[in-house]
Q: 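Here you go, one structure.
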There are 2 protein chains.
Amino acid sequence: MLSKKTQYAFHALVHLAENVDKGPILISEIAQEKNISIKFLENILLELKNAGILGSKKGKGGGYYLMRPPKEIALAKIIRLLDGPIALLPCVSLNYYERCENCRDEAVCGLNEVMGKVRDSALKILENKTLKDILTRG
Amino acid sequence: MLSKKTQYAFHALVHLAENVDKGPILISEIAQEKNISIKFLENILLELKNAGILGSKKGKGGGYYLMRPPKEIALAKIIRLLDGPIALLPCVSLNYYERCENCRDEAVCGLNEVMGKVRDSALKILENKTLKDILTRG
DNA sequence: CTATTAGTCTATCTTTTTTATAGGTTTTAT
DNA sequence: ATAAAACCTATAAAAAAGATAGACTAATAG
């Protein structure tokens, strides 16, 4: 499961994407709209900003905004940033690989092989779907 | 990521599957072979037994054994038992569903839709691949 | 130039989950 | 009887998740 942090990030990003035309959006507005603790959200948005995904403006008329169009922000990027590995096992993670401590040889480990396939099938979606794809429909 | 508990369970089950012909297998043998804390493993095997996946025999000549042939034990079942939901969000989980607290209507939530697809693609593999498919190859 | 607004930064705290251990109990084979 | 081995319950230790606090900095309006 994704952490609350990542779940909140997605909802916040959706709100920002749905209001791109309105200039910077207040943290407090997002918090209220999406039912998220404002202080917790503050940290999350800051992390997204430090990763170059969001920009911000201080003072009156300030707030947060997307640095790129929604269709250029892949879901996988957000998950990896806030939650870490997408793979189910460290030994099949592309970005957070760790050697398996419990098997002799990963090259012939069937678990490794199957979990690699699960990772691929998840990535096929998460690398290609973007913020644009998760906006409210209808 | 799967918990250590679930990872250990898979490795233990593989060992049991690869030794089905040898009668009951000692916890201590599995622990040594797979490099797992024996006491931790004890709890895990007990849980698998209580779920009907393993059987056991006490006293001399005792140990654990599979209750069904490896090809009838789906990976999804093990994960759900020890780790809980396979889905990335509570609101798309089939077995551990919880309503989304952060969106107005799941029926039109794009995040819900995409994460549902990720769940389906993972389940397509995890429901169909069994213990037999993760035995050491070659 | 000062008051207000709003993000920035860092630290801490609480709770929950994960991982692991301890130690006695029961069952079974010999 | 004895020894082997699983059973059971409790607890502890460590890590991660979730949340909050408060002082600081930058921008804007007047």
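Within every chain, numbering begins at 1; the chains are lettered A, B, ... in the order of the sequence lines, protein sequences first and strands thereafter.
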Q: Can you check the Leu45(B) CG to dA5(D) C1' distance for me, whole Å?
A: 13 Å
Q: Applying side-chain contact (heavy atoms from CB on, under 4.5 Å), run through Val92(B) and Tyr97(B) and close with a yes or a no.
A: CA-CA 6 Å; Val92(B) 297; Tyr97(B) 173 82; over 6 Å; no
Q: Of the non-hydrogen atoms in Ser93(B) and Ala87(B), which two are nearest, and what is the gap between them?
A: CA-CB, 3.7 Å
Q: If you compare every side-chain N and O of Ser3(B) against the phosphate oxygens of dT17(C) (OP1, OP2), does one of them come in below 4.0 Å?
A: no
Q: Could you give the CD-to-C1' distance, from Glu47(B) to dT9(D), as a whole number of Å?
A: 14 Å
Q: Round to the nearest Å and state the distance from Ile38(A) atom CD1 to dG7(C) atom C1'.
A: 11 Å
Q: Would you please say whether a donor-acceptor pair under 3.5 Å links the side chains of His11(A) and Glu33(A)?
A: no
Q: Choose from dT28(D), dC8(D), dG18(D) the nucleotide whose nearest atom is closest to any side-chain atom of Leu46(B).
A: dC8(D)
Q: Given that Gly59(A) and Leu2(A) both sit by DNA chain D, which one's nearest nucleotide is further toward the 5' end?
A: Leu2(A)
Q: Would you call Glu113(B)-Lys129(A) a salt bridge at under 4.0 Å N-O?
A: no
Q: If you pin Ser37(B) and Lys60(A) to their nearest nucleotides in DNA chain C, which one's is more 5'?
A: Lys60(A)
Q: Does Asn43(A) get its side chain close enough to the base of dT20(D), under 3.5 Å, for a donor-acceptor pair?
A: yes
Q: Rounded off to whole Å, could you give me the NZ-to-C1' distance for the Lys49(A) and dA26(D) pair?
A: 10 Å
Q: Using modelled atom types only, decide if a donor and an acceptor are shared between the side chain of Glu18(A) and the backbone of Leu135(A) within a distance under 3.5 Å.
A: no
Q: Taking atom C1' of dA19(D) as reference, at what distance in whole Å does atom NZ of Lys5(A) sit?
A: 12 Å
Q: Contact class for Leu26(A) vs. all strands (heavy atom < 4.0 Å): base, sugar-phosphate, or nothing?
A: sugar-phosphate
Q: Evaluate the side-chain proximity of Pro85(B) to Arg119(B): yes if any heavy-atom separation is below 4.5 Å, no if none is.
A: no
Q: Atom CD of Glu42(A) and atom P of dA23(D): how far apart are they, to the nearest Å?
A: 14 Å
Q: Expressed in angstrom and rounded to an integer, what is the separation of Ile27(A) atom CD1 from dT20(D) atom C1'?
A: 14 Å
Q: Would you please confirm or rule out a distance under 4.0 Å between OP1 or OP2 of dA5(D) and any side-chain N or O of Ser28(B)?
A: no
Q: Are Lys132(B) and Glu72(B) close enough for a salt bridge, meaning some N to O gap below 4.0 Å?
A: no
Q: Salt bridge check: are Glu127(A) and Arg80(A) linked by an N-O gap of less than 4.0 Å?
A: yes
Q: Of all the nucleotides listed (dT19(C), dT26(C), dG7(C)), which has the minimum atom distance to the side chain of Lys58(A)?
A: dG7(C)
Q: When you measure from the side chain of Asn50(A), which nucleotide among dA29(D), dT19(C), dC9(C) comes out closest?
A: dC9(C)
Q: Heavy atoms within less than 4.0 Å of DNA chain D: which residues of residues 79-96 of chain B have one? Give them sorted by number.
A: none
Q: Where along residues 6-25 of chain B does a heavy atom come under 4.0 Å from DNA chain D, residue by residue in number order?
A: Ile25(B)
Q: How long is the line joining NZ of Lys39(A) and P of dG7(C), in whole Å?
A: 11 Å
Q: Using modelled atom types only, decide if a donor and an acceptor are shared between the side chain of Asp133(A) and the backbone of Thr130(A) within a distance under 3.5 Å.
A: yes
Q: Under a 4.0 Å threshold between the charged nitrogen and the carboxylate oxygen, would Lys4(A) count as salt-bridged to Glu101(B)?
A: no
